[in-house]
Participant: 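Before anything else, here's the structure in question.
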Amino acid sequence: MIEYIKGPIADLTPTDVVIETSTGVAYIMSISLSTFTPLQEMKEAKIYVHEVIREDAHQLFGFLDTRERDLFRLLIGVSGVGANTARMILSSIAPAELEIVITSGDSKRLKGVKGIGAKTAERIIIDLKDKVKPMGDVAAQAIPVATPDSEVFEQAVAALVMLGFPKPASQKAVTKIIQQTPDIKVEQAIKKSLSML
């Protein structure tokens with residue numbers, strides 16, 4: 001099992017990071033928006049890893065800290081929640097906020113995540129309520145400002161498509177959001193789009 005991968009960031013998108021190791025091998029890892037945001041300001045990173053090994057695929061999921069990885073592992077332990085759904089939850093709700101959502105039994109907030117129905121939301125809360133302990137730092141991390149140009153649009157649409165949404169619907173949602181908030185940051189545009197799609 002890989003515990004973490006450390007090295008220069010070779011490539012970064014809102015859904016993936018590529019870390020190059022000292023041996024010259026680069027690893028691509030699927031990430032959430034919660035991990036993507038702070039990585040934008042970094043040239044090197046230590047990414048904690050969760051491996052998903054199946055007959056047809058070997059996928060790495062990366063996290064900037066063990067707290068988010070622990071939440072991810074708890075989520076995929078819930079019946080009906082796969083790795084990509086867990087990543088979607090962590091992209092829509094920051095880890096500190098998710099801990100509070102679960103412990104307070106806020107199923108309505110969980111149902112706001114694309115692909116999470118009433119039964120799954122209730123199951124997550126029932127299964128994890130006693131396993132999650134909020135740390136009380138819900139304050140959002142500083143997010144660098146992105147310019148309202150095509151790069152924000154392209155990155156947001158690319159991320160949504162990688163998450164499994166149709167490109168035309170993704171483009172429509174992101175266009176609407178950018179029109180409403182021209183100075184929006186890419187991760188915020190993605191989060192708002194997730195609630196619209």
Participant: Is Ile28 linked to Val161 within one hydrophobic cluster, defined over Ile, Leu, Val, Met, Phe, Trp and Tyr using a side-chain heavy-atom separation of less than 4.5 Å?
Facilitator: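 Ile28 does not cluster with Val161.
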Participant: Do you see a donor-acceptor pair shorter than 3.5 Å between the side chains of Glu68 and Thr35?
Facilitator: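 Indeed, the side chains of Glu68 and Thr35 share at least one donor-acceptor pair under 3.5 Å.
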Participant: Can you measure from CD1 (Ile190) to CG (Leu33) and round to the nearest 0.5 angstrom?
Facilitator: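 Ile190 atom CD1 to Leu33 atom CG measures 5.0 Å (nearest 0.5 Å).
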Participant: A side-chain contact here means heavy atoms from C-beta on lying under 4.5 Å apart; do Glu99 and Arg67 qualify?
Facilitator: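 Touching, per the 4.5 Å side-chain cut-off.
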Participant: List the atom of Ala83, the atom of Phe61, and the distance in Å for their closest heavy-atom pair.
Facilitator: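 Looking at all heavy atoms of both residues, the closest pair is CB-CZ, 3.4 Å.
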Participant: Any ion pair linking Arg69 and Glu3 (charged N to carboxylate O, less than 4.0 Å)?
Facilitator: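 Answer for the salt bridge query: yes.
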Participant: For the atom pair CD (Gln188) and CD1 (Ile177), what is the distance rounded to the nearest 0.5 Å?
Facilitator: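 Reported to 0.5 Å precision, the distance equals 10.5 Å.
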Participant: If you measure from CD on Gln155 to CG on Leu12, what distance do you get to the nearest 0.5 Å?
Facilitator: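 Reported value, rounded in 0.5 Å steps: 8.0 Å.
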Participant: If every non-hydrogen atom of Arg87 is compared with every non-hydrogen atom of Ile31, which pair is closest and at what distance?
Facilitator: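 In this case the closest contact between Arg87 and Ile31 is CD-O, 3.1 Å.
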Participant: Rounded to the nearest 0.5 Å, what separation is found between the CG atom of Leu60 and the OH atom of Tyr27?
Facilitator: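 So the gap between those two atoms works out to 8.0 Å.
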Participant: Strictly below 4.0 Å, N to O, side chains only: are Asp56 and Arg54 in salt-bridge contact?
Facilitator: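 Here Asp56 pairs with Arg54 in a salt bridge, since their nearest N and O are under 4.0 Å apart.
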Participant: Assess the residue pair Phe72 and His50 against the criterion (ring pair (Phe, Tyr, Trp, His ring centres under 6.0 Å)); give the C-alpha distance rounded to whole Å, side-chain angles, the decisive distance to 0.1 Å, and a yes or no.
Facilitator: CA-CA 9 Å; Phe72 177 87; His50 176 82; 5.3 Å; yes
Participant: For Ile102 versus Ile125, what's the shortest heavy-atom pair and its separation?
Facilitator: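 Result for this residue pair: O-CG2, 3.8 Å.
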Participant: What pair of heavy atoms forms the shortest contact from Met29 to Ile47, and how long is it?
Facilitator: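 Heavy-atom minimum between the residues: SD-CG2, 3.6 Å.
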Participant: Flag yes if more than 12 heavy atoms outside Lys191 fall under 6.0 Å of its NZ atom; otherwise flag no.
Facilitator: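 Atom NZ in Lys191 is packed in, count exceeds 12.
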Participant: How many angstroms lie between atom CG of Leu90 and atom CD1 of Ile93, to the nearest 0.5 angstrom?
Facilitator: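 Between Leu90 CG and Ile93 CD1, I get 8.5 Å after rounding to 0.5 Å.
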Participant: Starting from the C-alpha separation in whole Å, work towards a yes-or-no answer on side chain to side chain contact (heavy atoms under 4.5 Å, CB included) for Arg109 and Leu98.
Facilitator: CA-CA 9 Å; Arg109 181 78 175 87; Leu98 181 61; over 6 Å; no
Participant: Just how far is it from atom CZ of Arg123 to atom CD1 of Ile116, taken to the nearest 0.5 Å?
Facilitator: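 Interatomic distance, Arg123 CZ to Ile116 CD1, rounded to 0.5 Å: 10.0 Å.
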